[in-house]
Amino acid sequence: MADLDALKQKYAPVIETIESFAEYGAKVDSADLDGEKLHLKGEVPSTVIANRVWDVIKEVDPTYSDLEHEIATTGGETQPYTIKAGDNLSKVSKLFYGTANKYQEIASANGIDNPDHIQVGQEINIPVLS
């Protein structure tokens, strides 16, 4: 019999990633055993965040052979984001993509000529990376 606590610990980075996007509507509904696998059920608000969760799943275990997941995407492809005090596009890129190096893709998708000239309160859309 699989150990639920051990599987939850193994996939804790995945659960934490989903929960880190709670302010955008992401949530974990349940994490329980389904036979020998961790059954993770939840939802995320966009394809952008779903892709971030997938990246973390593959970092934890590229085969994810002991994970059964139902993570619904409740919104569209892009993720709306409002610039906060202290933000820069590298920080936003790190949040949504796991790397600060994709800031230029965010800038381009939003018609931002100079990534250093963003304003607090500015609304942008985080694109799905191809």
Side-chain angles (χ1 to χ4, degrees):
M1 185 73 173
D3 181 341
L4 176 59
D5 290 333
L7 287 172
K8 279 184 173 179
Q9 184 174 5
K10 177 181 178 179
Y11 287 100
V14 176
I15 294 167
E16 291 165 4
T17 297
I18 295 168
E19 291 173 343
S20 75
F21 290 105
E23 71 180 279
Y24 307 101
K27 65 179 181 173
V28 174
D29 293 322
S30 63
D32 48 30
L33 277 179
D34 181 12
E36 295 294 311
K37 298 181 179 187
L38 177 66
H39 178 244
L40 185 59
K41 186 174 182 178
E43 60 185 49
V44 295
S46 67
T47 301
V48 169
I49 294 176
N51 289 348
R52 181 74 187 112
V53 171
W54 265 111
D55 289 345
V56 175
I57 289 171
K58 291 182 281 186
E59 287 172 13
V60 169
D61 184 345
T63 67
Y64 52 92
S65 59
D66 53 1
L67 177 68
E68 177 77 28
H69 60 85
E70 293 179 63
I71 302 171
T73 303
T74 59
E77 287 192 0
T78 63
Q79 177 62 47
Y81 183 78
T82 303
I83 301 296
K84 299 176 179 100
D87 276 350
N88 59 47
L89 292 186
S90 293
K91 183 178 175 183
V92 174
S93 174
K94 177 76 172 157
L95 173 66
F96 289 102
Y97 303 132
T99 177
N101 298 333
K102 302 295 182 181
Y103 69 92
Q104 194 60 51
E105 284 87 337
I106 297 170
S108 294
N110 287 280
I112 298 170
D113 294 328
N114 185 338
D116 294 328
H117 292 128
I118 57 172
Q119 304 291 321
V120 172
Q122 182 177 350
E123 305 251 344
I124 61 173
N125 283 306
I126 309 304
V128 174
L129 296 179
S130 52

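As the structure is a prediction and not an experimental result, all values here were calculated from the model. Only heavy atoms go into these numbers, but all of them, side chains included; no hydrogens, no water, no symmetry mates.
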Trainee: Step through it carefully: locate the ring centre of Phe21, locate the ring centre of Phe96, and say whether they are under 6.0 Å apart.
Mentor: yes
Trainee: Does a side-chain heavy-atom distance below 4.5 Å link Lys8 with Leu38?
Mentor: yes
Trainee: Is there a side-chain contact between Gln122 and Thr82, using heavy atoms and a 4.5 Å cut-off?
Mentor: no
Trainee: For the residue pair Thr73 and Ala50, what are the closest heavy atoms and their distance?
Mentor: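 Heavy-atom minimum between the residues: OG1-CB, 3.7 Å.
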Trainee: For residues Pro127 and Ile106, determine if any side-chain heavy atom of one lies less than 4.5 Å from a side-chain heavy atom of the other.
Mentor: yes
Trainee: Quick check: are there more than 12 heavy atoms from other residues, nucleotides or ligands sitting under 6.0 Å from CG of Asp113?
Mentor: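 Counting other residues, nucleotides and ligands, CG of Asp113 stays at 12 neighbours or fewer.
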Trainee: Distance-only, no hydrogens or angles: does the Asp34 side chain make a donor-acceptor pair with backbone N or O of Lys37 under 3.5 Å?
Mentor: no
Trainee: Indicate yes or no: at least one non-hydrogen side-chain atom of Pro13 is less than 4.5 angstrom from one of Glu59.
Mentor: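 A side-chain contact is absent here, since even the closest heavy-atom pair is not under 4.5 Å.
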Trainee: Could you state the interatomic distance from OG (Ser108) to CG (Leu89), rounded to the nearest 0.5 Å?
Mentor: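 Spacing of OG (Ser108) from CG (Leu89) equals 10.0 Å.
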Trainee: Could you walk me through whether Val60 and Lys10 satisfy the side chain to side chain contact (heavy atoms under 4.5 Å, CB included) test, starting with their C-alpha distance in whole Å, then the side-chain angles of each, then the deciding distance to 0.1 Å, before giving a yes or no?
Mentor: CA-CA 7 Å; Val60 169; Lys10 177 181 178 179; 3.9 Å; yes
Trainee: Atom CD of Gln79 and atom CG of Leu95: how far apart are they, to the nearest 0.5 Å?
Mentor: 9.0 Å
Trainee: How about Lys41: does its NZ atom have over 12 heavy atoms from other parts shown lying under 6.0 Å from it?
Mentor: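 No, because the 6.0 Å sphere around NZ of Lys41 holds 12 heavy atoms or fewer from other groups.
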Trainee: Is the number of heavy atoms from other residues, nucleotides or ligands within 6.0 Å of NZ (Lys27) greater than 12?
Mentor: no
Trainee: Would you indicate whether the side-chain heavy atoms of Asn51 and Leu129 approach each other to under 4.5 Å?
Mentor: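 Counting from C-beta outward, Leu129 and Asn51 never come under 4.5 Å.
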Trainee: Looking at Gln9, I'd like to know if its CD atom is crowded, meaning that more than 12 non-hydrogen atoms belonging to other residues, nucleotides or ligands lie closer than 6.0 Å.
Mentor: no
Trainee: Charged N to carboxylate O under 4.0 angstrom, Glu16 versus Arg52?
Mentor: no
Trainee: Strictly by side chain to side chain donor-acceptor pair (under 3.5 Å), give each pair with a member in residues 86-98 just once, sequence neighbours left out.
Mentor: Tyr81-Asp87
Trainee: Please check if any side-chain donor atom of Glu43 sits under 3.5 Å from a side-chain acceptor atom of Thr74, or the reverse.
Mentor: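 Distance-only check fails for Glu43 and Thr74.
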Trainee: So which atom in Ala107 and which in Pro115 form the shortest heavy-atom distance, rounded to 0.1 Å?
Mentor: CB-CG, 4.1 Å
Trainee: List the steps and the verdict of side chain to side chain contact (heavy atoms under 4.5 Å, CB included) for Val53 and Ile57.
Mentor: CA-CA 6 Å; Val53 171; Ile57 289 171; 4.1 Å; yes
Trainee: Just verifying a value: how many Å separate Leu40 CG and Ile71 CD1, rounded to the nearest 0.5 Å?
Mentor: 5.0 Å
Trainee: Between the main-chain N or O of Asn125 and the side-chain N or O of Asn110, is there a donor-acceptor pair closer than 3.5 Å?
Mentor: yes
Trainee: Step through the shown structure and confirm whether more than 12 heavy atoms of other residues, nucleotides or ligands are within 6.0 Å of CD on Glu77.
Mentor: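 Not buried by this count: 12 neighbours or fewer within 6.0 Å.
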Trainee: Quick one: NE2 on His39 to CG on Asp32, what's the gap to the nearest 0.5 Å?
Mentor: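 Rounded to the nearest 0.5 Å, the NE2-CG separation comes to 6.5 Å.
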Trainee: Determine whether Thr78 and Ile126 make a side-chain contact, defined as any pair of heavy atoms from C-beta on separated by less than 4.5 Å.
Mentor: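 Sidechains of Ile126 and Thr78: no contact.
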Trainee: After noting the C-alpha distance and the side-chain angles of Leu67 and Asp61, does the key distance pass the side chain to side chain contact (heavy atoms under 4.5 Å, CB included) rule?
Mentor: CA-CA 9 Å; Leu67 177 68; Asp61 184 345; over 6 Å; no
Trainee: So, taking the atom named CG in Asp66 and the one named CG in Leu7, what distance separates them when rounded to the nearest 0.5 Å?
Mentor: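 Nearest 0.5 Å value for the CG-CG distance: 5.0 Å.
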Trainee: Is there a side-chain contact between Ile124 and Ile112 (heavy atoms, below 4.5 Å)?
Mentor: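 When only atoms from C-beta onward are counted, Ile112 and Ile124 do touch, with a gap below 4.5 Å.
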